[in-house]
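Note on naming: letters A, B, ... go to the chains in the order of the sequence lines (proteins, then strands), and numbering restarts at 1 for each one.
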Protein chains: 2
Amino acid sequence: MPRTNDDPRALRSRAAALAAATELLVEGGPENVTHATVARRAGIGRATVYRHWPDQQALLIDALAGDVRPLLAFDDSPVRDQLVTQAEQMAHRLNQPSAVSILATVIQRAERDEDARRIREEMFGRADEDFTRVLAAAVERGELRPGAQEHARDLIARIIGPLLFERFLHGVHLEKDLVVSLVDAALAPWLPNA
Amino acid sequence: MPRTNDDPRALRSRAAALAAATELLVEGGPENVTHATVARRAGIGRATVYRHWPDQQALLIDALAGDVRPLLAFDDSPVRDQLVTQAEQMAHRLNQPSAVSILATVIQRAERDEDARRIREEMFGRADEDFTRVLAAAVERGELRPGAQEHARDLIARIIGPLLFERFLHGVHLEKDLVVSLVDAALAPWLPNA
DNA sequence: TCCTCTTCGATACATACTGTCTCACAGATG
DNA sequence: CATCTGTGAGACAGTATGTATCGAAGAGGA
């Protein structure tokens, strides 16, 4: 007795619809994601799309949420290496037009929509606490001066922020040079030999 | 013999439509700006809106362009003062939900639309050269170390970028403390006594 | 003031889109 | 093989979009 949520047919059509919705979002913006366009692109019935997502808002939100989940992830290696790695991955994502479309859509809708705000928080909410722990460990090891662990969010903002600025407002391709120089500039005040 | 462009009636209806379009954009996003909604809000005929803007894209672009023209403007006062003032004004604008809506819309559409890219460049294109001159003058006066004038864009990115990050991705209200600390951090490497 | 030109709002109209419903069919389960 | 259940196709009403037409009123020159 299969139910709506675990029936292979439902999973198939749902996945096809979400993939199509993401494509359409990237190609033509959020107003391009309608039940009709998604159904046509996904090769499924229009009624099926309505069954899964009663309104277009829910459809768009699911398409947005499915793509951009983990934006920063830290581990136990030296702080500078981690920052360079993470910032480079971030730059690489931002260099893809699709990421800008999706991020800008989330930012725009988050101003008015509760669900979009939730998605936005999923992207960066966890990063602060994780990185705080990373910084604390680095202070323990003597990599950074004491107090650094209280500025996790500031550090991230001063590295990722300029990347956003260059990509969003100048439309440039983000290069590794920029990433490295941003990381070093942000870290400089906390190096022990400074 | 009045023509389309200088007839007071045409100017009136055009202005009313643009004002209404901006309101609707801020309230409900770009998909909320249609010929019908604009006409109703502006109290003018639907056909009139079609007369001025044959397609919705053109209408939206004009509404976007009319609002966010001069984002940074520099003069001859000391560099740090100017940066603090400009960054504060920027923070003040970003704190208003309408600015985020409009900026995010421009960013999103600039990825695909030529006109939106033009608007984006009007916002920041001039800032680089203007600020380069400001920095050069400051170097002359001994306020900054030589070479600073070649990093105008970097400086702006390292001040405005983190503001964008905090506002766009964390949704926080931007405070003066943050602005000042960003300006000082960005300027630190170029101070003569460093 | 009067006359002429242009834009205006209102309306009508064809077409396209949206959201809901029904139904026969095929895939999934046991 | 028998029985559910999600599916695609299509019908349908209601709404939105885009265009054309018309009389009314504003604008500017005589």
Side-chain angles (χ1 to χ4, degrees), chain A residues 1-64 66 105 109 112-113 115, chain B residues 1-64 66 105 109 112-113 115:
Chain A
M1 194 195 295
R3 285 188 195 164
T4 310
N5 283 337
D6 56 350
D7 190 313
R9 293 168 297 177
L11 295 176
R12 256 200 307 275
S13 52
R14 189 186 154 84
L18 281 179
T22 305
E23 285 179 26
L24 290 163
L25 168 65
V26 170
E27 289 172 17
E31 65 273 12
N32 198 31
V33 182
T34 70
H35 291 86
T37 57
V38 167
R40 202 175 325 131
R41 175 69 64 99
I44 64 181
R46 198 162 57 92
T48 303
V49 186
Y50 276 100
R51 270 190 284 266
H52 284 285
W53 298 275
D55 58 289
Q56 193 231 345
Q57 177 78 357
L59 171 57
L60 182 61
I61 288 295
D62 269 12
L64 291 170
T105 303
R109 301 188 86 95
R112 278 170 271 102
D113 183 71
D115 295 318
Chain B
M1 194 195 298
R3 284 189 195 160
T4 311
N5 282 337
D6 57 350
D7 189 314
R9 293 169 297 176
L11 295 176
R12 258 201 304 276
S13 52
R14 187 185 155 84
L18 281 178
T22 305
E23 286 179 26
L24 290 163
L25 169 65
V26 170
E27 290 172 17
E31 66 273 11
N32 197 31
V33 182
T34 69
H35 290 87
T37 57
V38 167
R40 204 175 322 132
R41 174 69 64 98
I44 65 180
R46 197 162 59 92
T48 304
V49 185
Y50 277 100
R51 270 189 283 266
H52 284 286
W53 298 275
D55 58 290
Q56 193 230 345
Q57 177 77 356
L59 171 57
L60 181 61
I61 288 295
D62 269 11
L64 291 169
T105 303
R109 300 189 87 94
R112 276 169 273 104
D113 182 72
D115 295 318

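Of the two residues near DNA chain C, A/T34 and A/R51, the one whose nearest nucleotide lies more 5' is A/T34. Projected onto DNA chain C by closest heavy-atom contact, A/Y50 and B/T48 fall at different nucleotides, the more 5' of which corresponds to B/T48. Nucleotides of DNA chain D nearest to B/A36 and A/G43 differ in position, and the one nearer the 5' end is that of A/G43.
As rounded to whole Å, 16 Å separates atom P of D/dT17 from atom CH2 of B/W53. Between the CD1 atom of A/I44 and the P atom of C/dG27 there is a distance of 16 Å, rounded to whole Å. Counting to the nearest Å, the P atom of C/dA10 and the NE2 atom of B/H35 are 17 Å from each other. If you take CZ of B/R40 and P of C/dA10, they are 13 Å apart, rounded to a whole angstrom. Atoms CG (B/L11) and P (C/dT6) sit 16 Å apart, rounded to a whole Å. Following rounding to the nearest Å, A/R14 (CZ) and D/dG6 (P) show an atom-to-atom distance of 14 Å. A/D7 places its CG atom 10 Å from the C1' atom of D/dC4, with the value rounded to the nearest Å. In this entry the distance linking CD of B/E31 with P of C/dC17 reads 18 Å, nearest Å.
Heavy atoms of A/A47 sit under 4.0 angstrom from at least one base atom.
Expressed to the nearest 0.5 Å, how far CZ of A/R14 lies from CG of A/D62 amounts to 5.0 Å. Summarising the geometry, atom CG belonging to B/L59 is positioned 9.5 Å from atom CG belonging to B/L64; distances are rounded to the nearest 0.5 Å. A distance of 10.5 Å separates OG1 in A/T22 from CD in A/E27, rounded to the nearest 0.5 Å. The CG atom of A/L25 lies 9.0 Å from the CD atom of A/E31; values are rounded to the nearest 0.5 Å. Note that the CD1 atom of A/I61 and the CG atom of A/D115 stand 5.0 Å from one another [nearest 0.5 Å].
Defined by atom type and a distance below 3.5 Å, a donor-acceptor pair is present between the side-chain atoms of A/T48 and A/R51.
In the interface, the side chain of A/R9 is paired with the base of D/dT5 through a donor and an acceptor atom under 3.5 Å apart. Side-chain to base pairing of B/R46 with C/dG9: no donor and acceptor N or O lie closer than 3.5 Å to each other.
An OP1 or OP2 oxygen of D/dG6 is reached within less than 4.0 angstrom by no side-chain nitrogen or oxygen of A/H52. Taking side-chain N and O atoms only, B/R12 has a distance below 4.0 Å to OP1 or OP2 of D/dA27.
With the end axes of the helix from C/dT1-D/dA30 to C/dG30-D/dC1 each set by five pairs, the angle from one to the other reads 40° at 10° resolution.
Screening A/Q56, A/R40, A/H52 for a side-chain contact (heavy atoms from CB on, under 4.5 Å) involving A/H35 leaves a single residue, A/Q56.
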